[in-house]
Amino acid sequence: MDTVSKETNIVIKQRSTAACIKEGFRLISTQLKNLLYSSWMPVLLTALFMSLYFLLFIEVMVIPMPADVGLGTLVMMYIFYVLYSLCGILLTGRLFLLFRDYRDTGRIPRLRPMQGMKDTLRMAGRAFLFQIWIILLAAPGTQLFKILLKWIPRPESLTSLSFLIAGLVVVGIIAIISLIPLVHTFYKYVLDGGSFLKMIGKSYGRGARHRGKIISVAVLSGAIITVLLGFIMLPMIIVTSAFTQSVIGVLQGDDTGVPSYFPWLMRITYLVSMVIVLLVTIYCYCTMLYAYGSIEAQENDRENYMNQQELTNI
């Protein structure tokens, strides 16, 4: 039985950036057993297909001539890519199901692999539909960018390539600034559901007003994850380097230089590393959960205050 008090488990509560980072770590540390118990299957499946995809991808990249790459290898690589993408969406749905229960009850539930699968698939579907909606909404902006490039006069001092790069940089900055509030919209939509078109305006506005908090929490938690991933992925980097040198040596007529069990060692290294990478990445989801809850609390207080002011003025 978890002994964490209900008070410290409230998600919808105003917090500073540092508090969001701290609470994300506390959530991982105090609820790790339940997180692993309830999400091990999608984590393992995602890691498995990710490792298989990257193993084939590295094999394709190392082979010097594209004609030497078999069609079956390319087909399997893309199949593994689709499978790991689908499992990744399933993992997202599972995590958000656990987050919803944590928000409402103050603890992560212990769910067997197939327990709560209906709600998991529902939330995974929302995560997938969210991405589709963003693509559809961003498509007109892409066409507008192409039109603007044709009509905006190009300075004589810039080449066509430089002008294109400058335009892409400007559009990239605008896109990043525009997409940041969607982090809050994503959490709101996947956790609570409803009509995306009806809720995006209000939710996006809330995220836009707290863009600074979203950026700061994302940057700080991302920095922590980057440092950890540098150590976690070191075994992958070592075995990949050894594999690359072995292939280059064989192409030059030398011996492989690696033991016969090396292919299995490489597969196991990739699989274990990918599992750990996914588990560490969950920390970012936890910190952003608290950022979402802080924004919701601040905006709810803001709306209550405005409603009271309107009643006072009547």
Side-chain angles (χ1 to χ4, degrees), residues 1-2 4 6 8-13 20 23-50 83-134 182-196 198-200 203 207 214 217-218 221 225 274-297:
M1 181 69 66
D2 296 309
V4 183
K6 184 178 180 181
T8 58
N9 272 280
I10 297 175
V11 173
I12 308 300
K13 178 181 178 181
C20 292
E23 289 298 312
F25 177 76
R26 189 195 59 78
L27 173 58
I28 287 287
S29 60
T30 59
Q31 303 285 328
L32 181 61
K33 290 183 179 180
N34 289 353
L35 275 170
L36 292 178
Y37 185 88
S38 301
S39 62
W40 68 265
M41 186 179 71
V43 167
L44 186 60
L45 289 175
T46 305
L48 174 63
F49 291 123
M50 280 180 68
L83 289 175
Y84 106 67
S85 298
L86 292 175
C87 290
I89 294 174
L90 179 65
L91 174 58
T92 301
R94 192 63 162 186
L95 288 176
F96 274 80
L97 172 62
L98 301 178
F99 287 162
R100 186 193 65 183
D101 287 352
Y102 178 73
R103 180 192 63 181
D104 297 339
T105 66
R107 65 186 301 273
I108 298 292
R110 292 175 63 87
L111 303 177
R112 294 185 297 273
M114 298 308 295
Q115 188 177 358
M117 186 54 65
K118 183 177 180 180
D119 287 337
T120 298
L121 292 174
R122 183 181 295 112
M123 290 192 169
R126 292 174 190 165
F128 179 75
L129 286 176
F130 180 87
Q131 298 177 49
I132 298 299
W133 275 115
I134 297 306
L182 289 174
V183 174
H184 178 267
T185 304
F186 178 74
Y187 272 76
K188 181 69 175 176
Y189 178 63
V190 178
L191 286 172
D192 297 330
S195 172
F196 177 80
K198 290 182 179 179
M199 58 83 65
I200 185 173
S203 179
I214 296 174
V217 172
S221 59
I225 293 300
M274 289 299 179
V275 169
I276 300 175
V277 165
L278 289 174
L279 293 176
V280 170
T281 306
I282 291 175
Y283 170 71
C284 285
Y285 282 91
C286 294
T287 57
M288 295 311 301
L289 173 69
Y290 283 104
Y292 148 80
S294 178
I295 293 172
E296 284 290 289

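Excluded from the calculations below are hydrogen atoms, water molecules and symmetry mates; all remaining heavy atoms, backbone and side chain alike, are included. What you see is a predicted model, and the numbers here were worked out from it, not measured in a lab.
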To check you understand the geometry: which heavy-atom pair defines the closest contact between [X] and [Y], and what is its length?
X      : Y      : result
Val190 : Arg126 : O-NH1, 2.8 Å
Met117 : Arg94  : N-NH1, 4.1 Å
Leu91  : Pro42  : CA-CB, 3.8 Å
Cys286 : Ile28  : SG-CD1, 3.8 Å
Ile214 : Gly207 : CD1-O, 3.9 Å
Gln31  : Gly106 : NE2-O, 4.5 Å

Worksheet item: Are any of the side-chain heavy atoms of Met50 and Val277 separated by less than 4.5 Å?
Response: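 Counting from C-beta outward, Met50 and Val277 never come under 4.5 Å.
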Are the side chains of Val43 and Leu36 in touch, meaning some heavy atoms are under 4.5 Å apart?
->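 Heavy-atom side-chain distance check fails, nothing below 4.5 Å.
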Has [X] got a side-chain atom pairing as donor or acceptor with [Y]'s backbone, closer than 3.5 angstrom?
X      : Y      : answer
Asp101 : Pro109 : no
Ser38  : Leu111 : yes
Thr185 : Ile200 : no

| message | Could you go through Phe196 and Leu129, starting from their C-alpha distance and side-chain angles, then the distance that decides it, and tell me whether this counts as side-chain contact (heavy atoms from CB on, under 4.5 Å)? | response | CA-CA 9 Å; Phe196 177 80; Leu129 286 176; over 6 Å; no
Can you tell me how far apart [atom1] ([X]) and [atom2] ([Y]) are? Round to the nearest 0.5 Å.
X      : Y      : atom1 : atom2 : result
Leu90  : Leu45  : CG    : CG    : 7.5 Å
Tyr187 : Arg103 : OH    : CZ    : 12.5 Å
Ile295 : Tyr290 : CD1   : OH    : 15.0 Å
Leu86  : Phe128 : CG    : CZ    : 8.0 Å
Ile282 : Thr92  : CD1   : OG1   : 9.5 Å

Next on the checklist: I'd like to know whether Met123 forms a side-chain contact (heavy atoms from CB on, under 4.5 Å) with Phe99, so could you lay out the CA-CA distance, the side-chain angles of the two residues, the decisive distance to 0.1 Å, and finally the verdict.
Outcome noted: CA-CA 11 Å; Met123 290 192 169; Phe99 287 162; over 6 Å; no
Are more than 12 heavy atoms from other residues, nucleotides or ligands located less than 6.0 Å from atom OH of Tyr283? yes
Practice item. Decide if atom CZ of Phe130 counts as having more than 12 heavy atoms of other residues, nucleotides or ligands within a radius under 6.0 Å. Key: yes
Practice prompt. Return the orientation label for the Tyr285 and Phe96 ring planes: parallel under 30°, perpendicular over 60°, tilted otherwise.
Written response: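 Perpendicular.
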Exercise for the section: Applying side-chain contact (heavy atoms from CB on, under 4.5 Å), run through Glu296 and His184 and close with a yes or a no. Expected result: CA-CA 9 Å; Glu296 284 290 289; His184 178 267; 2.9 Å; yes
inquiry  = With side-chain contact (heavy atoms from CB on, under 4.5 Å) as the criterion, how do Leu279 and Val275 come out once you've worked through the C-alpha distance, each side chain's angles and the decisive distance to 0.1 Å?
reply    = CA-CA 6 Å; Leu279 293 176; Val275 169; 4.1 Å; yes
